[in-house]
Amino acid sequence: MLIRNARLVAVTEAVPGPVDVRLHQGRVVALGPSLTGDETSYDAAGRWLMPGLWDQHVHLGQWTLASARLDLGTARSSAEAVALVRARLEERPDLPVIGWGHRPTAWPDNPTVTDLDAIGTDQPIVLIAGDGHHGWLNTIALHALALPIRDSVVSEAEWFMAYGRLASVLGQDGTGPDAYRRSMEAAAAQGVVGLVDLEFSGGVADWAERWAGGADLLRIRHACYADGLDDVLARGLRSGDPLADDPRLTMGPLKIISDGSLNTRTAWCCEPYAEKAVPGFEEGQPNQSAEELRGLLARAVAGGLEVAVHAIGDRAVTEALAAFEETGARGGIEHVQLTTRDDVRRMARLGVRASVQPAHLLDDRDVTERLWPGRAERCFPLRWMLDDGVDVVLGSDAPVSPLDPWLAIASAVHRSGDDREPWHPEQSITAREALAASTDGWGTVAVGHPADLVLLDADPLDGASDREHARRLRSFADHVVETWVAGETAYVRSV
């Protein structure tokens, strides 16, 4: 195909004037004014062409389920959440309840199993926290998931293991290939061409079956967890190897969750939480010992796998970097929500990538000031990272934040989602830098690039003040005209 009369978004460097772009066998093979050829032509009519966007951190199964779940994001107490569950059961008394989005850190009370049991239903109730790090269940659901009975929430490693068994309680719940395909279509409509899937459950065989069933619209990098590592190594798969005989579906990293989260006060920090700390773990806690973490990274290195180490607290980041340095592992740290300037420089020296989800700062801004007072200037330190030479990539952590790359870009630029002033604007980055961090390392469209492209009817780098520019960027999906993956149309805007 020949795309004629396109202006190139200056993701890294500017290319003057409209150009023609030739695509062949899934790559850009020629670029220049007035190219000749007899292949199919597409008239871009002077619109803007750029590399397609990537979301580097998605839990795609959970995101696919999110639209069917009970939204608990508005609940401000256990009582309000219980009332929402009661209302759902009144509407659908014969169905289990699966909810998403409650954030109890600021609640006056802690959620308990007793609260849900008092509803008096014989249906399982499973409510997943907005950061994904705990499940609030009734006793029936605890029994169904073979979990020990308790009155508190199920959190961290125990919860991640239980999450993979939800289908046995709730059925497939909209996670078949057709549902995945719909999620991919919605992403393609925003200009997304690829996703790094860090879903907690499922393995290589699951993705191969899903792909064969039609969930094959975008590029996917499938990550495994420690419990699936033996299978991946037995198959001889290395990061980047194709799955299902299709180069668009590839093996991704080994994902390791090394600490918890801010909202559950389990992110591992150098200093104690200011309030409501977990007794005995006032600084949060690691999920592995130093030896266990290094052992996992060493196995990944031996097997040719990159690693993606979840580390939110500054102590967790320090320990993760020590493990990278000792083992020679390749890959990155996920979140890097709180860190130090010295560790940022260490990331750059070691070549460790930072995979950051800027929209989290919109949700965590106020909680950070309460739980980590005096540390906010070290949160989401994007400016430090880019200035010190760290390879930064952006994502959403959907469904913790929406699968929306434009929201992530806007958040990185302006660091505010409401009428308040930016939160620590000294850590803001430019729109061009945020865009470059969202294209999987591909700069301005050039010969040799994959034919993973998005055509826009406006230039995303055209903006005045950061506030106004961020406002435009948050709704920039409206400007997506067409998205191509490997030269094939993944989305086209209806006229």
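It should be emphasised that the depicted structure is a prediction, and the values quoted were computed from it without experimental measurement.
- Side-chain N/O atoms of D117 and T139 include a donor and acceptor closer than 3.5 Å.
- Residues that satisfy the side chain to side chain contact (heavy atoms under 4.5 Å, CB included) test with A300, not counting sequence neighbours, are L254, L305, V307.
- Around the CD atom of E488, the shell of radius 6.0 Å holds no more than 12 heavy atoms that belong to other residues, nucleotides or ligands.
- Looking at heavy atoms from C-beta onward, F200 lies in side-chain contact with I257 at the 4.5 angstrom threshold.
- Using modelled atom types, one side-chain atom of R265 and one backbone atom of N263 make a donor-acceptor pair closer than 3.5 Å.
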Decide side chain to side chain donor-acceptor pair (under 3.5 Å) for N287 and E292; before the verdict, give the C-alpha distance in whole Å, the side-chain angles of both, and the deciding distance to 0.1 Å.
CA-CA 9 Å; N287 289 325; E292 289 169 335; over 6 Å; no

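- A pairwise comparison of heavy atoms in I409 and A434 identifies CG2-CB, 3.7 Å as the closest pair.
- The salt bridge (Lys or Arg N to Asp or Glu O under 4.0 Å) pairs that include a residue from residues 127-142 number zero, where partners must be two or more places apart or lie in different chains.
- The aromatic rings of F160 and H133 sit perpendicular, their planes meeting at an angle over 60°, well past the 30° parallel limit.
- Taking 4.5 Å as the limit, some side-chain heavy atom of L127 sits within range of a side-chain heavy atom of V97.
- Electrostatic pairing of D230 and R299 counts as a salt bridge here, judged by a charged N lying under 4.0 Å from a carboxylate O.
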Solution key, residues 240-249 side-chain donor-acceptor pairs under 3.5 Å, sequence neighbours excluded:
residue : atom : partner : partner atom : Å
D241    : OD2  : R238    : N            : 2.9
D246    : OD1  : R248    : N            : 2.9
D246    : OD1  : R248    : NE           : 3.2
D246    : OD2  : W211    : NE1          : 3.1
D246    : OD2  : R248    : NE           : 3.4
D246    : OD2  : R248    : NH2          : 2.8
R248    : NH1  : D216    : O            : 2.7

Would E334 and I312 satisfy side chain to side chain contact (heavy atoms under 4.5 Å, CB included), going step by step from the backbone distance to the final call?
CA-CA 8 Å; E334 301 293 323; I312 285 181; over 6 Å; no

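- Panel note: side chain T266, backbone G284; no donor-acceptor pair is recorded below 3.5 Å.
- By the side chain to side chain contact (heavy atoms under 4.5 Å, CB included) test, T74 is found to be paired with L84, residues two or more places apart in sequence or in another chain being considered.
- No donor-acceptor pair under 3.5 Å is formed between the side chain of S258 and the backbone N or O of V309.
- No side-chain heavy atom of K255 sits under 4.5 Å from any side-chain heavy atom of E199.
- With no hydrogens or angles considered, no side-chain donor-acceptor pair links Q337 and H360 at under 3.5 Å.
- W484 places no side-chain N or O within donor-acceptor distance of the main-chain N or O of V454, the cut-off being under 3.5 Å.
- Of the possible donor and acceptor atoms, one in the side chain of H310 sits under 3.5 Å from a partner among the backbone N and O of G260.
- Side-chain contact between T264 and S155 is absent, with no heavy atoms from C-beta onward closer than 4.5 Å.
- Put simply, the side chain of L321 reaches to within 4.5 Å of the side chain of I333, judged on heavy atoms.
- Shown here are the side chain to side chain contact (heavy atoms under 4.5 Å, CB included) partners of D391, two or more places apart in sequence or in another chain: R353, V393.
- By the salt bridge (Lys or Arg N to Asp or Glu O under 4.0 Å) test, E156 is found to be paired with no residue, residues two or more places apart in sequence or in another chain being considered.
- Within the 4.5 Å cutoff, no side-chain heavy atoms of P96 are placed close to those of V126.
- Partners of D206 according to the salt bridge (Lys or Arg N to Asp or Glu O under 4.0 Å) rule, which considers only residues two or more places apart in sequence or in another chain, do not exist here.
- For D178, there are no salt bridge (Lys or Arg N to Asp or Glu O under 4.0 Å) partners, not counting sequence neighbours.
- Taking all atoms of both residues into account, the shortest heavy-atom contact from L403 to A187 is CD2-CB, 4.2 Å.
- Under a cut-off of 6.0 angstrom, the local environment of CD in E209 is sparse, with at most 12 non-hydrogen atoms contributed by other residues, nucleotides or ligands.
- The closest donor-acceptor contact from the side chain of N138 to the backbone of A141 lies under 3.5 Å.
- Applying the salt bridge (Lys or Arg N to Asp or Glu O under 4.0 Å) test to residues at least two apart or on different chains, the pairs with a partner in residues 184-198 are R181-E185.
- H222 and G202 get closest at one heavy-atom pair: CE1-O, 4.0 Å.
- Side-chain contact between R365 and C379 is absent, with no heavy atoms from C-beta onward closer than 4.5 Å.
- With sequence neighbours left out, R370 forms a side chain to side chain donor-acceptor pair (under 3.5 Å) with E275.
- Not one N or O on the side chain of D259 forms a donor-acceptor pair closer than 3.5 Å with the backbone of P286.
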Please lay out, stage by stage, how L60 and R210 fare under the test side chain to side chain contact (heavy atoms under 4.5 Å, CB included).
CA-CA 12 Å; L60 192 53; R210 191 177 296 129; over 6 Å; no

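- For W54 (side chain) and G441 (main-chain N/O), no donor-acceptor pair under 3.5 Å exists by modelled atom type.
- Qualifying salt bridge (Lys or Arg N to Asp or Glu O under 4.0 Å) partners for D342, counting only residues two or more places apart in sequence or in other chains: R345.
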Begin with the C-alpha distance, continue with both residues' side-chain angles, and end with the deciding distance and a verdict on side chain to side chain contact (heavy atoms under 4.5 Å, CB included) for E319 and Q288.
CA-CA 11 Å; E319 294 298 322; Q288 303 91 20; over 6 Å; no

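- W406 and F476 have tilted rings, their planes meeting at an angle from 30° to 60° on a 0 to 90° scale.
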Start with the C-alpha gap between S396 and D404, add the side-chain angles, then the distance that decides, and say whether side chain to side chain contact (heavy atoms under 4.5 Å, CB included) holds.
CA-CA 7 Å; S396 66; D404 182 347; over 6 Å; no

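- Among all heavy-atom pairs drawn from D55 and G395, the shortest one is OD1-CA, 3.2 Å.
- Taking the six-membered ring for Trp and thresholds of 30 and 60 degrees, W372 and Y273 have ring planes inclined between 30 and 60 degrees apart.
- The minimum heavy-atom distance linking A410 with L473 is given by the pair CB-CB, 3.9 Å.
- D363 meets the side chain to side chain contact (heavy atoms under 4.5 Å, CB included) test with R103, S401; sequence neighbours excluded.
- Rounding to the nearest 0.5 Å gives a distance of 7.5 Å between SG of C224 and CG of L233.
- Taking the six-membered ring for Trp and thresholds of 30 and 60 degrees, Y180 and W207 have ring planes more than 60 degrees apart, a perpendicular arrangement.
- Put simply, the side chain of V192 does not reach to within 4.5 Å of the side chain of T483, judged on heavy atoms.
- Looking only at distances, a side-chain donor or acceptor of R150 sits under 3.5 Å from a matching main-chain atom of P148.
- Partner of D397 under the side chain to side chain donor-acceptor pair (under 3.5 Å) criterion, chosen from Q62, Q357, H59: H59.
- Nearest heavy atom pair, residue A81 against residue W107, reads CB-CH2, 3.9 Å.
- No side-chain donor-acceptor contact under 3.5 Å links Q427 to the backbone of R415.
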